[in-house]
Amino acid sequence: MKTVLKIIGVVILLIVLYAIIVVLAFGNNYHYEKSMVINAPKEKIWQQVSSMKAFNQWNPWMKLDPSMKIVYSGNTGEVGDKY
């Protein structure tokens, strides 16, 4: 029984040491970035991302509640455009 407890203690200690090393290694400077190349003219892409109505046509989160009522306000593609 003592051997099993020692093994569990060593495993927990190793996990804690690994977590400390990871925190010290990455610190506050950790950065993750992902990019994608879209083969389309930038004007066409801008139409899809600058308008809230166009954005919500392809927004995957909008499909979670198809009965949701949406009210749009503001000018399309300008500051203050919201839904």
Side-chain angles (χ1 to χ4, degrees):
M1 183 66 174
K2 288 185 179 184
T3 307
V4 174
L5 290 176
K6 286 182 182 180
I7 292 172
I8 292 172
V10 169
V11 169
I12 291 173
L13 180 65
L14 289 174
I15 291 172
V16 170
L17 287 175
Y18 176 75
I20 291 172
I21 291 171
V22 168
V23 168
L24 292 175
F26 288 116
N28 293 333
N29 297 327
Y30 182 73
H31 176 77
Y32 177 78
E33 184 175 322
K34 185 175 180 181
S35 63
M36 178 185 298
V37 176
I38 301 173
N39 292 322
K42 62 182 175 181
E43 293 80 17
K44 187 173 183 179
I45 302 300
W46 179 248
Q47 290 173 355
Q48 293 296 314
V49 297
S50 67
S51 166
M52 295 309 294
K53 290 179 184 176
F55 172 76
N56 285 330
Q57 291 176 356
W58 59 267
N59 182 359
W61 298 107
M62 298 302 286
K63 296 176 185 174
L64 294 177
D65 189 5
S67 63
M68 178 174 48
K69 293 182 181 180
I70 302 171
V71 177
Y72 297 96
S73 65
N75 295 326
T76 301
E78 295 180 7
V79 175
D81 185 15
K82 59 185 173 182
Y83 72 97

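Please read all numbers here as calculations on a predicted model, not as lab measurements. Residue numbers start at 1 and run along the sequence shown. Side-chain atoms are counted along with the backbone in the values below, which use heavy atoms only and exclude waters and symmetry mates.
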Pairs touching residues 34-58 that satisfy ring-ring contact (aromatic ring centres under 6.0 Å, His included), sequence neighbours left out: F55-W58

Partner residues of N75 under the side-chain contact (heavy atoms from CB on, under 4.5 Å) criterion, sequence neighbours left out: E78

side-chain hydrogen bond (donor to acceptor under 3.5 Å, both in side chains) partners for Y72, two or more places apart: N56

Under the side-chain contact (heavy atoms from CB on, under 4.5 Å) test, residues paired with A19 that sit two or more places apart: none

Candidate list I21, V22, L14, I15, test side-chain contact (heavy atoms from CB on, under 4.5 Å), partner Y18, passing option: V22

Partner residues of I8 under the side-chain contact (heavy atoms from CB on, under 4.5 Å) criterion, sequence neighbours left out: V4, I12

Residue pair D81 / S50: nearest heavy atoms and the distance that separates them: OD2-O, 3.7 Å

Partners meeting side-chain contact (heavy atoms from CB on, under 4.5 Å) with P41 (sequence neighbours left out): E43, K44

Atom pair OG1 (T76) and NZ (K53), whose distance is rounded to the nearest 0.5 Å: 6.0 Å

Test item: M62 and I70 side chains (from C-beta on) under 4.5 Å apart, heavy atoms: yes

